[in-house]
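Residue numbers count from 1 along this sequence. The structure displayed is predicted, hence computed values, not measured ones.
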Amino acid sequence: MTYELYYWDGIQGRGEFVRLALEEAGADYIDVTRQPQGTGAMLDIMNSKSEPHLPFAPPFLKDGDLIIPHVANILLYLGPKLGLAPADESLRYVVNGLQLTITDFVAEAHDTHHPIDMSLYYEDQKPEAKARSAAFIRQRIPKFLGYFERVLKRNPKGPDHIIGNALTYVDLSLFQVIEGLTYAFPKAMAKRKAEYPALLALHDRIARRPNIARYLASPRRLAFNEEGIFRHYPELDSTE
């Protein structure tokens with residue numbers, strides 16, 4: 001059965017973490033809002049008067065009649081089906097914990113450009129965004145990337161993967177985190193990259209995987225832009 005992914009059209013956003021897993025696995029899926037009337041179909045589900053399991057917001061995935069919301073929850077569901085989760089069921093919760101930590105990190109990255117009110121434009125909160133971004137670059141990037149670097153290096157099976165000796169969806173998500181941070185904060189990331197050799201090596205390995213490389217070169221991979229989570233505003237980037 002074909003999976004249906006629902007997320008806002010025109011941006012990578014949080015939906016990209018799910019797309020990478022589907023693309024790596026060669027799964028059959030439809031990116032619904034990129035189809036004619038797709039955004040309306042998504043909103044119909046979110047505003048349904050009869051659906052008993054309403055999603056709060058995209059992304060959400062439909063598998064038949066089942067609706068699964070939230071990135072980490074979707075990947076927890078898809079991981080075993082796509083061969084992107086550990087065979088040891090107990091380790092699937094470890095992987096889920098790592099994905100939830102990525103969720104926290106991504107939320108903080110978003111808040112660098114919308115620190116006061118999500119309903120306001122970036123231009124309405126630029127001084128606050130500059131202060132928030134400076135703290136994010138100084139404190140939060142090294143805290144989160146340092147953590148994932150340690151986890152990679154301490155993997156008993158070696159640092160090629162975050163858990164065990166096979167690819168999981170968290171490896172793919174870490175690739176996307178590095179991609180997004182490098183786009184949003186190129187100066188800051190250029191300065192700090194040497195501190196995270198295992199993470200950067202993982203990123204490069206993921207980029208070379210055949211299915212991922214084909215996806216990255218395809219029109220399905222939208223470019224980063226200033227409507228998504230990772231946004232590049234030069235005034236928010238810093239090497240301090």
Hey, does Val95 have a side-chain heavy atom less than 4.5 Å from the side chain of Arg92? no

Who are the ring pair (Phe, Tyr, Trp, His ring centres under 6.0 Å) partners of Tyr29, not counting sequence neighbours? none

Taking all non-hydrogen atoms of both residues, which atom of Ile163 and which atom of Pro86 are closest, and how far apart? CG2-CG, 4.1 Å

Considering only heavy atoms from C-beta outward, does the side chain of Leu167 approach that of Leu84 to under 4.5 Å? yes

Interatomic distance, Phe105 atom CZ to Ser173 atom OG [nearest 0.5 angstrom]: 13.0 Å

State whether the side chain of Gln125 and the backbone N or O of Ile116 hold a donor-acceptor pair below 3.5 Å, judged by distance alone. yes

Can you check whether Tyr122 reaches Leu236 side chain to side chain, under 4.5 Å on heavy atoms? yes

Has Thr112 got a side-chain atom pairing as donor or acceptor with Glu108's backbone, closer than 3.5 angstrom? no

Please tell me if the side chains of Phe148 and Leu98 come closer than 4.5 Å, counting only heavy atoms from C-beta onward. yes

Under 3.5 Å, side chain of Glu226 to main-chain N/O of Tyr233, donor-acceptor pair present? no

Minimal heavy-atom distance between Val32 and Ala41, with the atoms involved, is CG1-CB, 4.4 Å

Within the 4.5 Å heavy-atom criterion, are Ile206 and Leu202 side-chain neighbours or not? yes

Determine whether a donor-acceptor pair (N or O, by modelled atom type, separation under 3.5 Å) exists between the side chain of Arg19 and the backbone of Asp31. no

With a sphere of 6.0 Å drawn around CD of Glu89, does it hold more than 12 non-hydrogen atoms of other residues, nucleotides or ligands? no

Arg209 (side chain) donor-acceptor with Arg205 (main chain) under 3.5 angstrom: no

Is the backbone N or O of Thr39 less than 3.5 Å from a side-chain atom of Asp9, with the two atoms forming a donor-acceptor pair by type? no

Among all residues two or more places apart in sequence or in another chain, which pass the ring pair (Phe, Tyr, Trp, His ring centres under 6.0 Å) test with His110? His113, His114

How close do Ala198 and Glu149 get, heavy atom to heavy atom, and via which atoms? N-OE2, 2.9 Å

Could you state the interatomic distance from OG (Ser238) to CD1 (Ile137), rounded to the nearest 0.5 Å? 5.5 Å

May I have the step-by-step check of side-chain contact (heavy atoms from CB on, under 4.5 Å) for Glu195 and Leu145, ending in yes or no? CA-CA 9 Å; Glu195 300 173 26; Leu145 294 189; over 6 Å; no

If you take all heavy atoms of Arg231 and Gly228, which pair is closest and at what distance? NE-O, 2.7 Å

Closest contact, heavy atoms only, Leu78 versus Val18: CD1-CG1, 4.1 Å

Which side-chain N or O atoms in residues 55-75 pair as donor and acceptor under 3.5 Å with protein atoms at least two apart or in another chain?
{"unit_1": "Asp63", "atom_1": "OD2", "unit_2": "Tyr77", "atom_2": "OH", "d": "2.5"}
{"unit_1": "Asn73", "atom_1": "ND2", "unit_2": "Pro69", "atom_2": "O", "d": "3.2"}

Can you sort out the partners of Tyr183 under ring pair (Phe, Tyr, Trp, His ring centres under 6.0 Å), two or more places apart, ordered by chain and number? Phe224

Establish, from distance only, whether the side-chain atoms of Gln12 and Glu179 form a donor-acceptor pair under 3.5 Å. no

I'd like to know if Glu128 and Arg132 make a salt bridge, using a cut-off of under 4.0 Å between side-chain N and carboxylate O. no

Please check if Leu91 and Leu152 belong to a single hydrophobic cluster, counting links between Ile, Leu, Val, Met, Phe, Trp and Tyr side chain heavy atoms closer than 4.5 Å. yes

So if you build clusters from Ile, Leu, Val, Met, Phe, Trp, Tyr with side-chain heavy-atom gaps below 4.5 Å, do Leu222 and Phe230 land together? no

Roughly how far, to the nearest 0.5 Å, is CD of Gln37 from CG of Leu43? 11.5 Å

Return yes if some donor-acceptor pair links the side-chain N/O of Thr33 with the main-chain N/O of Tyr7 below 3.5 Å, else return no. yes

Euclidean distance, Leu22 CG relative to Leu82 CG, rounded to 0.5 Å: 6.0 Å

Are His161 and Thr168 close enough that some pair of their side-chain heavy atoms sits under 4.5 Å apart? no

Return the minimal non-hydrogen interatomic distance between Pro142 and Arg192, and the atom names on each side. CB-NH2, 3.7 Å

Can you measure from OH (Tyr196) to CG (Leu181) and round to the nearest 0.5 angstrom? 10.0 Å

Can you hop from Tyr147 to Leu172 via hydrophobic side chains spaced under 4.5 Å? yes

Hey, does Asp171 have a side-chain heavy atom less than 4.5 Å from the side chain of Asp160? no

Would you give me the side-chain donor-acceptor pairs under 3.5 Å for residues 210-217, sequence neighbours excluded?
{"unit_1": "Asn211", "atom_1": "OD1", "unit_2": "Arg214", "atom_2": "NH2", "d": "2.4"}
{"unit_1": "Asn211", "atom_1": "ND2", "unit_2": "Glu24", "atom_2": "O", "d": "2.9"}
{"unit_1": "Tyr215", "atom_1": "OH", "unit_2": "Glu16", "atom_2": "OE1", "d": "3.3"}
{"unit_1": "Tyr215", "atom_1": "OH", "unit_2": "Glu16", "atom_2": "OE2", "d": "2.5"}

Do Val106 and Ile141 sit in one hydrophobic cluster, given that two such residues count as connected whenever their side-chain heavy atoms are within less than 4.5 Å of each other, even indirectly? yes

Do Arg220 and Glu23 meet the salt-bridge criterion of a basic N to acidic O distance under 4.0 Å? yes

Look only at the side chain of Asn96 and the backbone of Leu76, and say whether a donor-acceptor pair between them is shorter than 3.5 Å. no

Given 3.5 Å as the limit, does a donor-acceptor pair link the side chain of Asn225 with the main chain of Gly10, or not? yes

What is the distance from atom NE2 of His203 to atom CD of Gln176, rounded to the nearest 0.5 Å? 9.0 Å

Same apolar cluster (I L V M F W Y, side chains within < 4.5 Å links), Leu100/Val177: no

Hey, does the side chain of Asp237 reach the backbone of Ala184 with a donor-acceptor pair shorter than 3.5 angstrom? no

Got a sec, which residues hit ring pair (Phe, Tyr, Trp, His ring centres under 6.0 Å) with Phe185, two or more places apart in sequence or on another chain? Phe136

